[in-house]
J.: 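I'd like to ask some things about the structure below.
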Amino acid sequence: MTFKIVVRPTALAVSMQEAQSNARADVGSDGTSALDADIVRAIRTYTAEAETETNRLIMEQTWELTLDAFPAERSIKLYKPPLLAVDWVKFYDVNGEQRTLDPADYQADVKTDPGYVVLKPGRAWPATADMIGAVEVRFRCGYGANASAVPDGISGFILARVQEHFETGGQPKNEYIRRLLWSEVYYA
């Protein structure tokens, strides 16, 4: 089982204006500051920290899971919560030809953490070629495409860490900030 990122998130997990305010940046009439590049780097760093702490992906991104065969179970677990959608399931058939599994044969379980690809009743996984990487699942995960989709506890954590970063040179000052993430932690 291998996970590979296909499309990295492009949006930031918090708005630039909020982060500039928390960083106490002098913002010009054009909405920019001399610290903007450092602020963006800090937002991305603390977003990654929040992802590590919660075992969740925050901003929408596309991943691919590769398996050597379909599982014996009726579902494939996608260990990158929260799952937004399954784009496709592809496989190499017994003749070595790549095919796309009909979406009518499965559904994406986006309600549970982690998400799953689940066979519909009366359906079965097709036979695959005996090869490495015979099955590929492309899926999108994260809370959404923009900062408004991020839960308050996570955005609050990121903004607090940005503020600490610019006040104390990146050294954590408040040991209680991590508590903002507790409601979002996924235990694998």
Side-chain angles (χ1 to χ4, degrees), residues 1-16 40 43-155 157-158 181-188:
M1 174 184 333
T2 304
F3 286 95
K4 174 178 71 172
I5 191 162
V6 177
V7 179
R8 294 189 181 282
T10 54
L12 297 173
V14 295
S15 78
M16 192 62 179
V40 168
I43 292 169
R44 292 195 192 284
T45 297
Y46 299 124
T47 299
E49 182 179 348
E51 288 177 337
T52 299
E53 291 287 326
T54 62
N55 291 315
R56 293 175 174 278
L57 298 175
I58 296 171
M59 298 309 296
E60 183 174 334
Q61 46 202 278
T62 303
W63 284 76
E64 207 166 277
L65 167 64
T66 304
L67 304 167
D68 294 339
F70 283 109
E73 304 84 32
R74 297 187 52 77
S75 63
I76 299 171
K77 189 183 286 190
L78 303 173
Y79 289 96
K80 302 287 181 187
L83 177 64
L84 292 171
V86 173
D87 294 334
W88 46 253
V89 177
K90 293 186 178 185
F91 65 98
Y92 289 90
D93 67 16
V94 293
N95 298 319
E97 291 185 40
Q98 189 176 46
R99 301 193 180 278
T100 302
L101 189 63
D102 186 344
D105 291 341
Y106 66 89
Q107 61 189 19
D109 176 0
V110 299
K111 295 192 184 294
T112 61
D113 283 336
Y116 289 83
V117 175
V118 181
L119 279 173
K120 288 188 177 175
R123 309 296 170 111
W125 299 121
T128 61
D130 186 18
M131 62 182 273
I132 296 171
V135 177
E136 299 170 350
V137 180
R138 183 167 289 183
F139 60 98
R140 286 174 284 128
C141 48
Y143 287 102
N146 58 51
S148 66
V150 178
D152 290 341
I154 293 174
S155 58
F157 169 82
I158 294 166
L181 299 175
W182 287 359
S183 66
E184 298 301 326
V185 172
Y186 163 68
Y187 298 97

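Numbers for residues simply follow the sequence, beginning at 1.
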J.: Test side-chain contact (heavy atoms from CB on, under 4.5 Å) on Val89 and Val117; report intermediate values, then the result.
T.: CA-CA 9 Å; Val89 177; Val117 175; 4.2 Å; yes

J.: Quick one: are Thr10 and Met59 in side-chain contact, heavy atoms under 4.5 Å?
T.: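 Contact flag for Thr10/Met59 side chains = no.
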
J.: What are the two closest non-hydrogen atoms of Leu181 and Gly153, and how far apart are they?
T.: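 The answer is CD2-O, 4.3 Å.
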
J.: Is the backbone of Ala134 close enough, under 3.5 Å, to the side chain of Glu136 for a donor and an acceptor to pair up by distance?
T.: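 Not confirmed, Glu136 side chain does not pair with Ala134 backbone.
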
J.: With a 4.5 Å heavy-atom cut-off, do Ile76 and Leu67 have their side chains touching?
T.: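 Result yes, sub-4.5 Å side-chain heavy-atom pair found.
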
J.: Rounded to the nearest 0.5 Å, how far does CG of Leu78 lie from CZ of Arg140?
T.: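 The CZ atom of Arg140 sits 12.5 Å away from the CG atom of Leu78.
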
J.: Check whether any side-chain heavy atom of Ile5 lies under 4.5 Å from a side-chain heavy atom of Thr62, and answer yes or no.
T.: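 Ile5 does not reach Thr62 side chain to side chain.
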
J.: Begin with the C-alpha distance, continue with both residues' side-chain angles, and end with the deciding distance and a verdict on side-chain contact (heavy atoms from CB on, under 4.5 Å) for Tyr143 and Leu57.
T.: CA-CA 7 Å; Tyr143 287 102; Leu57 298 175; over 6 Å; no

J.: Other residues, nucleotides and ligands only: do more than 12 of their heavy atoms fall within 6.0 Å of CG on Asp130?
T.: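 No, the 6.0 Å shell around CG holds no more than 12 heavy atoms from other groups.
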
J.: Short question: side chain of Arg44, backbone of Leu12 - any donor-acceptor pair under 3.5 Å?
T.: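 Looks like no, no N/O pair under 3.5 Å.
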
J.: Take Leu65 and Thr2, measure what side-chain contact (heavy atoms from CB on, under 4.5 Å) needs, and give me the verdict at the end.
T.: CA-CA 6 Å; Leu65 167 64; Thr2 304; 5.9 Å; no

J.: How many angstroms lie between CD in Gln61 and SG in Cys141, if you round to the nearest 0.5 Å?
T.: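 Taking CD in Gln61 and SG in Cys141, the distance rounds to 5.0 Å.
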
J.: Over all heavy atoms of both residues, which pair between Val94 and Thr128 is shortest? Give the atoms and the distance, please.
T.: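 Closest approach of Val94 to Thr128, heavy atoms only: CG1-O, 3.8 Å.
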
J.: Looking at Asp105, is its backbone amide N or carbonyl O close enough to the side chain of Asp102 to form a donor-acceptor pair, meaning the two atoms are under 3.5 Å apart?
T.: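 No, the answer is negative, given that no donor and acceptor are paired below the 3.5 Å cut-off.
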
J.: Can you check whether Leu84 reaches Glu60 side chain to side chain, under 4.5 Å on heavy atoms?
T.: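 Side-chain contact under 4.5 Å: yes.
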
J.: Output every pair passing ring-ring contact (aromatic ring centres under 6.0 Å, His included) with a member in residues 89-136, not counting sequence neighbours, ordered by first then second residue.
T.: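 ring-ring contact (aromatic ring centres under 6.0 Å, His included) check on residues 89-136 returns Phe70-Phe91, Phe70-Trp125.
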
J.: Is there a donor-acceptor contact under 3.5 Å from the side chain of Asp109 to the main chain of Gly115?
T.: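 No: the side chain of Asp109 does not pair with the backbone of Gly115.
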
J.: Looking at CG of Asp113 and NZ of Lys80, how far apart are the two atoms once the value is rounded to the nearest 0.5 Å?
T.: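 Output value for this atom pair is 13.5 Å.
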
J.: What is the distance from atom CZ of Arg56 to atom CD of Glu184, rounded to the nearest 0.5 Å?
T.: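 That separation rounds to 5.5 Å.
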
J.: Looking at Ser15 and Ala147, what are the two nearest heavy atoms and their distance?
T.: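 Smallest interatomic distance, heavy atoms only, reads N-CB, 4.0 Å.
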
J.: Return yes if some donor-acceptor pair links the side-chain N/O of Arg123 with the main-chain N/O of Arg74 below 3.5 Å, else return no.
T.: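 No; zero donor-acceptor contacts below 3.5 Å.
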
J.: Roughly how far, to the nearest 0.5 Å, is the OG1 atom of Thr112 from the NZ atom of Lys77?
T.: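 So the gap between those two atoms works out to 9.0 Å.
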
J.: Nearest heavy-atom pair of Ala145 and Ala11: which atoms, and what distance?
T.: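 So the minimum-distance heavy-atom pair works out to O-CB, 3.2 Å.
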
J.: When you compare the side chain of Leu83 with that of Phe139, does any pair of heavy atoms fall below 4.5 Å?
T.: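 Sidechains of Leu83 and Phe139: in contact.
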
J.: Starting from the C-alpha separation in whole Å, work towards a yes-or-no answer on side-chain contact (heavy atoms from CB on, under 4.5 Å) for Tyr79 and Trp63.
T.: CA-CA 10 Å; Tyr79 289 96; Trp63 284 76; over 6 Å; no

J.: Within the 4.5 Å heavy-atom criterion, are Ile43 and Val14 side-chain neighbours or not?
T.: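 They are in side-chain contact.
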
J.: Where is the tightest heavy-atom contact between Ser155 and Ala13, given as atom of each residue plus distance?
T.: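 The pair with the smallest heavy-atom distance is CB-O, 4.4 Å.
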
J.: Would a distance-only check, ignoring hydrogens and angles, find a side-chain to backbone donor-acceptor pair under 3.5 Å from Asn95 to Glu97?
T.: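 No: the side chain of Asn95 does not pair with the backbone of Glu97.
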
J.: Measure the spacing between CD of Glu53 and CZ of Phe157 and express it to the nearest 0.5 Å.
T.: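 Taking CD in Glu53 and CZ in Phe157, the distance rounds to 6.0 Å.
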
J.: Side chains of Gln107 and Lys120: closer than 4.5 Å at any heavy-atom pair?
T.: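 Gln107 vs Lys120: side chains touch.
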
J.: Do the side chains of Arg99 and Lys90 get nearer than 4.5 Å, heavy atoms only?
T.: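 A side-chain contact under 4.5 Å is absent here.
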
